[in-house]
Number of protein chains: 2
Amino acid sequence: MAVTLKEVAERAGVSRSAVSRTFTDGASVSAKTREKVEKAAKALGYKPSLIARSLATNRTKLIGLVANNFQNPAFLDVFDLFTSELQKRGFRPLLVNLSGDTSPKKFVELLRQYSVDGVIVATSTLPTSFANAFQTAGIPVIHTFGKYQANANVHVVGIDNEHCGSMAARTFKERGYRKVALLGGPESATSTKDRVVGFLRTAKELELDVVAKGFAENYTYKAGREAMSELLADASIEAVFCGDDLICMGAMDAVRAAGKKIPEEIGFLGFNDIAMAGWDAYSLTTIRQPIRDIIMSSVELVVGMVENPDRSPEIRLFPCTIVDRGSLKPVDRSGN
Amino acid sequence: MAVTLKEVAERAGVSRSAVSRTFTDGASVSAKTREKVEKAAKALGYKPSLIARSLATNRTKLIGLVANNFQNPAFLDVFDLFTSELQKRGFRPLLVNLSGDTSPKKFVELLRQYSVDGVIVATSTLPTSFANAFQTAGIPVIHTFGKYQANANVHVVGIDNEHCGSMAARTFKERGYRKVALLGGPESATSTKDRVVGFLRTAKELELDVVAKGFAENYTYKAGREAMSELLADASIEAVFCGDDLICMGAMDAVRAAGKKIPEEIGFLGFNDIAMAGWDAYSLTTIRQPIRDIIMSSVELVVGMVENPDRSPEIRLFPCTIVDRGSLKPVDRSGN
DNA sequence: AAATTTTTTGCAACCGGTTGCAATTTTTTT
DNA sequence: AAAAAAATTGCAACCGGTTGCAAAAAATTT
């Protein structure tokens with residue numbers, strides 16, 4: 001069906017190698033042959049088969065993108081950036097939907113069978129061992145949104161979750177809140193754990209009173225709403241730090257349904273800065289995670305690893321920033 | 001690096017063909033040989049290389065998924081369902097991000113080079129010629145969310161947009177609205193055009209007064225908000241039919257910012273039923289597009305085409321339904 | 001113009017599988 | 001038990017490229 005190397009070679013009156021070389025960069029062909037080949041190729045509509053090339057070179061230009069959070073709007077950016085950035089560099093994403101199934105083995109096998117050149121594991125809800133499994137199998141891997149570990153043996157790109165938790169506590173202090181609550185994402189996520197640690201530590205240092213603590217079952221509006229309803233029993237909560245914007249919006253609506261005003265009676269601080277956080281109906285003050293930087297960096301790293309597989313593991317952490325909208329009181333200038 | 005057929009054959013003491021056959025379903029091998037081979041394969045950790053297989057069989061089990069709307073939450077479901085459904089059937093999605101670039105040629109080349117077995121073009125904002133280009137190139141293609149055309153030469157899966165527009169008009173009539181407005185998505189999208197046609201036709205039949213008409217530049221909250229601000233000049237609007245939930249939410253906030261109450265002073269009818277439509281702050285009455293059915297059907301079709309490429313083109317349209325929440329008045333029972 | 005160096009070219013083997021075909025083995029029929 | 005039919009097996013060619021190597025051609029040096 002498709003035109004092959006051989007046909008081009010025949011038409012151009014050169015060897016198959018010559019044709020191959022004109023389509024391989026870095027290979028040596030004289031200007032004359034190149035011209036003949038290109039003419040013949042154009043006439044025939046020839047494009048080299050990447051499959052055949054992959055077999056011969058043992059490189060596929062395919063990058064596995066494994067994710068398990070297909071329902072969070074934050075992932076729209078992730079998909080958009082990943083795909084367009086890989087595309088720009090001549091690679092292609094092979095999407096793997098992990099939902100539910102978390103045993104690494106199967107996925108390592110799968111991606112190995114497709115001979116992907118590298119893998120980006122984009123999730124914080126999976127143990128670090130998941131990404132490591134690829135490493136062990138000899139597949140270059142980046143753990144995006146992964147957990148920072150001093151003894152890293154895998155590239156990690158993300159944020160310092162502990163520091164972000166701390167930042168949340170400091171923000172509450174600045175705004176004059178005393179009795180605060182924590183409404184985290186799934187308790188098993190490393191990102192949640194780390195933020196909790198940072199938040200509690202700093203809250204203690206600043207003498208904030210953590211009067212309630214809860215976790216949403218997953219990163220959804222509904223889970224946030226439900227978890228908040230339970231927390232609401234404690235009437236003294238002045239502000240809530242949520243582990244995710246979606247959860248936060250659910251929580252806000254639970255609070256409003258209970259007849260409380262935001263931010264007058266209760267304040268909210270979200271996490272991620274998804275598009276909806278800017279919507280009037282929520283106008284959420286939130287901690288922005290620099291998704292763009294994280295993705296760009298991950299792509300750069302994975303492509304780098306393909307070129308140089310035994311580059312030593314790196315940790316890249318990006319700073320988060322507060323995006324101030326209307327769900328927290330303004331900074332308290334009264335002194336204290 | 002990886003274990004190959006040959007090594008397994010040697011260890012099992014059989015020919016390479018025998019090994020190949022035990023890993024190809026439908027091939028004939030005796031129970032005895034199969035056992036020997038499987039044992040050797042397990043011991044060696046062998047998995048057949050899909051690349052090599054692809055080259056030999058001219059089948060890759062890769063399905064191109066081309067999309068250009070990575071910012072709409074409606075696409076979260078699309079990605080989730082597509083990937084998991086393909087996965088279930090032993091295929092894999094190769095994602096193509098079209099953002100901006102709309103000349104088919106380049107993408108046909110690209111997907112052809114990767115020898116994808118089929119392509120799903122998931123967009124209503126591209127001319128039908130885009131999907132046709134794959135068809136012409138001999139690549140099985142499904143145009144999901146595509147436009148119904150009597151003289152179809154490409155599989156189309158989606159909804160009857162004209163009918164949905166009509167449905168919107170009827171809904172307004174039922175609820176007792178007279179002066180209505182239309183706030184469509186991008187004017188160039190076939191889905192928008194069709195909905196407008198259906199809406200206007202039925203509005204006329206039912207003697208509704210279409211007092212304003214506008215189009216958002218793209219499927220975003222912001223575009224919706226801006227477009228609505230302009231429409232708002234016409235003070236007589238009683239209800240607005242929006243071409244997309246995101247646009248609709250933007251429009252609602254524009255209206256609220258102008259001090260009008262929803263649904264008392266102005267009603268809204270959205271389109272798609274994204275998760276946020278159910279959020280308390282919007283509680284949007286909307287026309288639900290059965291994404292799940294559409295995707296499942298698309299996947300089934302594309303896989304079907306891979307097996308039987310000259311299956312004749314089919315149109316599959318699924319019914320939309322009204323999801324009644326709080327952004328429209330209840331049905332008017334007063335008689336007219 | 002001959003000798004040397006550099007560049008270009010084609011040959012042939014290889015990447016890791018599949019598959020048509022003929023030979024062999026096993027099973028069924030008579 | 002022999003003959004016929006069916007199932008299994010291995011050989012070898014093939015899928016469509018790449019690449020090391022030696023020969024040939026071109027460019028440079030003497």
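A, B, ... follow the sequence lines: proteins, then strands. Residue 1 opens every chain.
Nucleotide D:dG16 holds its P atom 9 Å from the NZ atom of A:Lys6, rounded to whole Å. When rounded to the nearest whole Å, the span between CG of B:Leu5 and C1' of C:dG17 equals 6 Å. Atom pair A:Asn58:CG and C:dG17:P shows a separation of 11 Å (rounding to whole Å applied). Per the geometry, NZ belonging to B:Lys61 stands 15 Å off C1' belonging to C:dT18, to the nearest Å. Look at OH on A:Tyr46: it is 10 Å from P on D:dG16, rounded to the nearest Å. A:Leu44 has its CG atom 16 Å from the C1' atom of D:dG17, to the nearest Å. Rounded to whole angstrom, the span from the NZ atom of A:Lys47 across to the P atom of D:dG16 amounts to 18 Å. The CD atom of B:Gln113 sits 12 Å away from the C1' atom of D:dG17 (whole-angstrom rounding).
No more than 12 heavy atoms of other residues, nucleotides or ligands lie within 6.0 Å of CZ in B:Arg292, so this atom counts as exposed by the packing criterion.
The backbone N or O of A:Arg34 lies less than 3.5 Å from no partner atom in the side chain of A:Thr22, so there is not a single donor-acceptor pair. Here the side chain of A:Asp117 pairs no donor or acceptor atom with the backbone of A:Ile63 at under 3.5 angstrom. The backbone N or O of B:Phe70 lies less than 3.5 Å from no partner atom in the side chain of A:Asp80, so there is not a single donor-acceptor pair. Listed for the B:Ser129 side chain is no donor-acceptor partner under 3.5 Å among the backbone atoms of B:Asn132.
Counting all heavy atoms, side chain and backbone alike, A:Arg92 lies closest to A:Leu86 at C-CD1, 4.3 Å.
Each of D:dG10, C:dC15, C:dG17 was ranked by its minimum atom distance to the side chain of B:Ala56; first place goes to C:dG17. In this structure, of C:dG16, C:dG17, D:dG17, it is D:dG17 that holds the atom nearest to the side chain of A:Ser49. Comparing D:dG10, C:dG10, C:dG17 by their nearest atom to the side chain of A:Val14 picks out C:dG10.
For B:Arg16 against C:dG16, a side-chain-to-base donor-acceptor contact under 3.5 Å is absent.
Between D:dG16 and A:Thr4, no contact under 4.0 Å exists linking OP1 or OP2 to a side-chain N or O. OP1 or OP2 of D:dG10 lies within a sub-4.0 Å distance of a side-chain N or O belonging to B:Ser15.
Residue contacts shown for A:Thr57 are limited to sugar-phosphate atoms, with no base heavy atom under 4.0 Å away.
Ring geometry for B:Phe75 against B:Phe145 counts as tilted: the plane angle lies between 30° and 60°, on a 0 to 90° scale.
DNA chain C lies under 4.0 Å from at least one heavy atom of each of the following residues of residues 21-42 of chain A: A:Arg21, A:Ser28, A:Val29, A:Ser30, A:Thr33.
Take the nearest nucleotide of DNA chain D for B:Gly13 and for B:Leu55: the residue whose nucleotide is more 5' is B:Gly13. With DNA chain C read from its 5' end, the first of the two nearest nucleotides for B:Ser17 and B:Ala52 is the one closest to B:Ala52.
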